[in-house]
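Worksheet: one structure, shown below.
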Amino acid sequence: MPAVTVDNPLVLPRIPRPDAGTSTPRPVTRVITSHQQLEGAGFEVRRPFPGGMSLAEADPFLLLDHMGPQVNAPEEASGAPWHPHRGFETVSYILDGEIAHHDTNGGGGVIREGDTQWMTAGGGILHDELPTEQMYRAGGPAHAVQLWVNLPASLKMTNPRYQSITRDDLRLLTSDDGGALIRLIAGDVAGFTGPGSTHTPITYAHATLAPGAEVSVPWTPAFSAMAYVLTGRGTAGREDRPVEGGQLAVFGPGDHVVLRAADRNEPMDVLVLGGLPIREPIAHYGPFVMNTRAEINQAMEDFRAGRLGIVPADQMAPRQFA
């Protein structure tokens, strides 16, 4: 799989194997198979939540969308034209291809293979996410994930913020035997810290396990823990629950997460994610996530009045590409 790779993982810092006598592996409580649906201007995503699990179970996350891996024909790629957000953060991670982002806060740019765009919508923003002209005209491979991270009530109306995390910014780690490559985007793993600056405490990583390899990832006990398989197949938990591409393993309490790739001629690529539950009421409507219905109504009124931002005049016309 594309994204960031290294020729020899053994040159990277290693995650020590947990002490079996003192460390507790997190059990798998359920495995969720994603449902498929169309988003934006008509691209298909696989979505394990919401739908497969409630927002209370996913806390502090709100949504996980997985697009691809696929190969677009020329003039086939599509994206998400201008739309608003309020009350949370969007985290877009590109594994293959490239996407261009514009927003009404002055943020944006081209997000390429291995890059992450972290946008804090906060009190309100408008943005678009579209294939670049090159991707639209020529076609080609496309593979991306978008995660929505909730904000607590105290930060719902914080000022919008944009973080561009390039592939060179990622913290690269490996398992104790070098069988897994871990790209740490945000949070802490075994004392190593990812580059993403988070309002809500979370950990977010992309791991590639060689065929037959196993990794035990130390995990903050107070955090939720999930593993979403992007491609390949293997098992989750010390009990070896089978998982494959498009499935999400949800873990119970403990202090480390165990993943193992199947003994096949393909690696297993998996997102490992979790965070500190916010445990506040959630009211949501489309691109707005607040705590009360009155706040949702206010967000809609503010959007209609242009208080969430105004699309620049030179970008008012519909676009197929950026």
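Numbers for residues simply follow the sequence, beginning at 1. From a predicted model like this one, the values you see are computed outputs, not experimental measurements.
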Please confirm whether the backbone N or O of [Y] pairs with a side-chain atom of [X], one donor and one acceptor, at under 3.5 Å?
X      : Y      : answer
Asp115 : Arg167 : yes
Arg183 : Leu173 : no
Arg14  : Asp176 : yes
Arg233 : Val243 : no
Asp128 : His102 : yes
Asp65  : Gln146 : no
Thr132 : Ile99  : no
Asn291 : Pro281 : yes

Side-chain donor-acceptor contact under 3.5 Å, [X] with [Y]:
X      : Y      : result
Asp269 : Thr208 : yes
Gln298 : Asp302 : yes
Asp168 : Thr166 : no

Task: Tyr93 and Gln117, any side-chain heavy atoms less than 4.5 Å apart - done: no
Open item on the list: I want to check something: taking the side chain as every heavy atom from C-beta on, are Leu63 and Arg47 in contact at a cut-off of under 4.5 Å?
Closed with: yes
Task: Within 6.0 Å of NE2 in His256, more than 12 heavy atoms from elsewhere - done: yes
Open item on the list: Assess whether a salt bridge exists between Arg241 and Glu239, defined as any Lys/Arg side-chain N lying under 4.0 Å from an Asp/Glu carboxylate O.
Closed with: no
Open item on the list: Under 4.0 Å between a side-chain nitrogen and a carboxylate oxygen: does that hold for Glu295 and Lys156?
Closed with: no
Task: His66 and Tyr228 aromatic ring geometry - parallel, tilted or perpendicular at 30°/60° bounds - done: perpendicular
TODO: Carefully, step by step, assess Arg86 and Met290 under the rule side-chain contact (heavy atoms from CB on, under 4.5 Å).
DONE: CA-CA 8 Å; Arg86 172 179 279 182; Met290 304 300 289; 3.7 Å; yes
Open item on the list: Suppose we call two aromatic rings close when their centres sit under 6.0 Å apart. Are Tyr162 and His127 close by that rule?
Closed with: no
TODO: Identify which one of Phe288, Trp148, Trp118 satisfies the ring-ring contact (aromatic ring centres under 6.0 Å, His included) criterion when paired with Phe88.
DONE: Trp148
Task: Matching residue for Ile278 among Leu151, Val149, Thr200 - test: side chain to side chain contact (heavy atoms under 4.5 Å, CB included) - done: Thr200
